[in-house]
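What's counted below: heavy atoms across the whole structure, side chains too, no hydrogens, waters or symmetry copies. Both counts, for ligands and for their atoms, begin at 1 and track the order of listing.
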Amino acid sequence: MIRPLLPAEIEQALASLPGWSYRDGALCCEARFASFRAAIAFIASCVDDIDRLDHHPEWCNVYNRVRIRLTTHDAGNQVTERDVALARCLQERLRAALPPTP
Ligand code: H2B
């Protein structure tokens, strides 16, 4: 079984993941897009990374919003380095999909 990260390790990972937080035992992020279509396009853009990493997000789409929640099932639904690796990939895709904030 892969080892869950310690609180200090999660905190360190979050330092380089803007917009992400640790909430209810998971790495979380919420993004708002210009439209429903843009939200779904973002999700579709992540498919190759997700397949390559073989690590799958829990996510929820409501209109133009996507909420992402990452835990590792193989670690009793705790946060592991696999979640951090996936968060980094998703963050790159978010940066590409969202206009920069002023
Ligand atoms: N996704 C997540 N979020 N956690 C896992 O433990 C996990 C996964 N395990 N995707 C993978 C698939 C595993 O079931 C396969 C066999 O590698």
Hydrogens and angles aside, do Thr72 and Asp83 bring a side-chain donor and acceptor to less than 3.5 Å of each other? yes

For the CD atom on Glu11, are there more than 12 heavy atoms of other groups (residues, nucleotides or ligands in this structure) within a distance under 6.0 Å? no

Under 4.0 Å from ligand 1, residues with heavy atoms, in chain and number order, are Asp54, His55, His56, Thr71, Thr72, His73, Asp74

- [ ] For the pair Asp74 and Arg82, find out whether any cationic side-chain nitrogen is under 4.0 Å from an anionic carboxylate oxygen.
- [x] yes

Exercise. Using the rule that two of Ile, Leu, Val, Met, Phe, Trp, Tyr join whenever any of their side-chain heavy atoms come within less than 4.5 Å, decide whether Val84 and Ile2 are in one cluster.
Key: no

Residues at least two apart in sequence or cross-chain that pass side chain to side chain donor-acceptor pair (under 3.5 Å) with Gln12, listed by chain then number, are none

Between Glu9 and Arg3, does any NZ, NE, NH1 or NH2 come within less than 4.0 Å of an OD or OE carboxylate oxygen? yes

